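Remember, it's a predicted structure, so these values are computed and weren't measured experimentally.
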Amino acid sequence: MIRVLIADDQPLVRRGLALILGPDPEFEVVGEAEDGARAVALARELRPDVVVMDIRMPVLDGVEATAELAKTLPDVRVLALSTFDMDEYVVAALRAGAYGFLPKDVSPEELGAAVRTVHGGEAVVAPRLLTRLLTAYVRTPAPARPSAAAAAAAPPDMTRREREIWQLLATGLDNAEIAAELDISVSTVKNHITGIFGKLGVRDRAQAVIAAYESGLVEADCGSG
């Protein structure tokens, strides 16, 4: 059973989320919090597996609460929700340590699936948000070989091959497409990506993309399209 804590400043939203998740035998809703500070306190007390966290809340907002949980209770997974699916909220939540970000208009089935996914340690971002994030922040295609600027942006212990793969990953290519671009095997790509995540100190592809544009490895798309 997946133990879930719900954090939202609107009582009706908290109750609605509890009514969606509660009847499913896979989930146990162990508590509800009306603000980020209360969410952190309850998480410390109840030790849920997953916190479904609203982003905009009083006292301590969802991003700050997520950062605190990532620092003090790293085994607790945060799934961020927001009515406002603006790109900066997605970025802030993922950088703070959230394992996923969904808009509040997702279906009950999508919500349940996302809770299961983050509980398993995988990232989940609504496709429309991730696609927009990539479109807004990443210029494609990136060069197949790293530039001097890219080399400077990477951690000093990152190899040239890892920088190449990081650039291609940041443009949205999957493992098979990266393998085809560099003429290497998919298993080799997977091994390099594991190393890249470790050297960047990130958990998943979404955070690696964010790290790429924040470091200047890839440039923001300033085109007219």
Side-chain angles (χ1 to χ4, degrees), residues 63 66-67 70 74 77-80 85-103 110 113-114 116-118 120-225:
V63 172
T66 296
R77 318 294 194 193
V78 173
L79 174 62
D85 57 353
M86 297 169 63
D87 297 330
E88 58 264 34
Y89 292 159
V90 182
V91 172
L94 295 174
R95 291 297 288 172
Y99 272 69
F101 192 108
L102 295 179
E110 289 172 317
R116 294 182 190 95
T117 298
V118 299
E122 298 294 329
V124 57
V125 178
R128 77 178 192 232
L129 302 183
L130 186 56
T131 299
R132 203 170 65 226
L133 186 67
L134 291 169
T135 301
Y137 293 114
V138 180
R139 176 183 297 158
T140 57
R145 295 293 179 265
S147 63
D157 59 342
M158 185 174 283
T159 67
R160 176 172 179 170
R161 178 62 87 189
E162 287 172 337
R163 289 195 296 269
E164 291 175 336
I165 291 173
W166 185 24
Q167 281 187 297
L168 294 172
L169 179 156
T171 69
L173 299 189
D174 62 25
N175 290 352
E177 290 168 331
I178 293 172
E181 177 71 27
L182 299 179
D183 195 23
I184 57 178
S185 70
V186 173
S187 61
T188 298
V189 172
K190 290 179 180 178
N191 290 337
H192 280 306
I193 287 176
T194 298
I196 290 166
F197 288 176
K199 291 175 182 180
L200 292 175
V202 303
R203 189 183 52 242
D204 53 51
R205 297 176 87 92
Q207 288 192 343
V209 170
I210 293 168
Y213 75 74
E214 287 190 339
S215 71
L217 179 76
V218 290
E219 299 177 10
D221 184 0
C222 299
S224 60

> Is it true that a side-chain atom of Lys190 and a backbone atom of Asn175 form a donor plus acceptor pair closer than 3.5 Å?
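Flag not set: sc Lys190 to bb Asn175 has no pair under 3.5 Å.
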> For Ala98 versus Ala80, what's the shortest heavy-atom pair and its separation?
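Closest approach of Ala98 to Ala80: CB-CB, 4.4 Å.
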> Are Met158 and Leu200 side-chain neighbours, meaning at least one heavy-atom pair lies under 4.5 Å?
yes
> If I compare all heavy atoms of Arg95 with all of Ala211, which pair ends up nearest, and what's the gap?
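For Arg95 and Ala211, the tightest heavy-atom pair comes out as NH1-CB, 4.1 Å.
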> Quick check: do Leu169 and Ile196 have side-chain heavy atoms less than 4.5 Å from each other?
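Leu169 vs Ile196: side chains apart.
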> Considering all heavy atoms of both residues, which atom of Val186 and which atom of Ala176 are nearest to each other, and what is their separation?
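That would be CG2-CA, 4.0 Å.
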> Measure across Tyr99 and Gly121 and return the closest heavy-atom pair with its distance rounded to 0.1 Å.
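Between these two residues, the closest heavy atoms are CE2-O, 3.5 Å.
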> Please report the closest heavy-atom contact between Glu162 and Asp157, naming both atoms and the distance.
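Taking every non-hydrogen atom into account, OE1-O, 4.2 Å.
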> Taking all non-hydrogen atoms of both residues, which atom of Arg77 and which atom of Val118 are closest, and how far apart?
CG-O, 3.2 Å
> Would you give the length of the straight line joining atom NE2 of His192 to atom OG1 of Thr159, rounded to the nearest 0.5 angstrom?
6.0 Å
> Distance from Ile165 atom CD1 to Leu182 atom CG, nearest 0.5 Å?
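The CD1 atom of Ile165 sits 6.0 Å away from the CG atom of Leu182.
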> Hey, are the side chains of Arg161 and Ile184 touching, using non-hydrogen atoms and a 4.5 Å cut-off?
yes
> My understanding is that only residues two or more places apart in sequence, or in another chain, count here; which of them pass side-chain contact (heavy atoms from CB on, under 4.5 Å) with Glu122?
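Partners of Glu122 under the side-chain contact (heavy atoms from CB on, under 4.5 Å) test: Thr117.
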> My understanding is that only residues two or more places apart in sequence, or in another chain, count here; which of them pass side-chain contact (heavy atoms from CB on, under 4.5 Å) with Ala96?
Val63, Thr66, Ala67
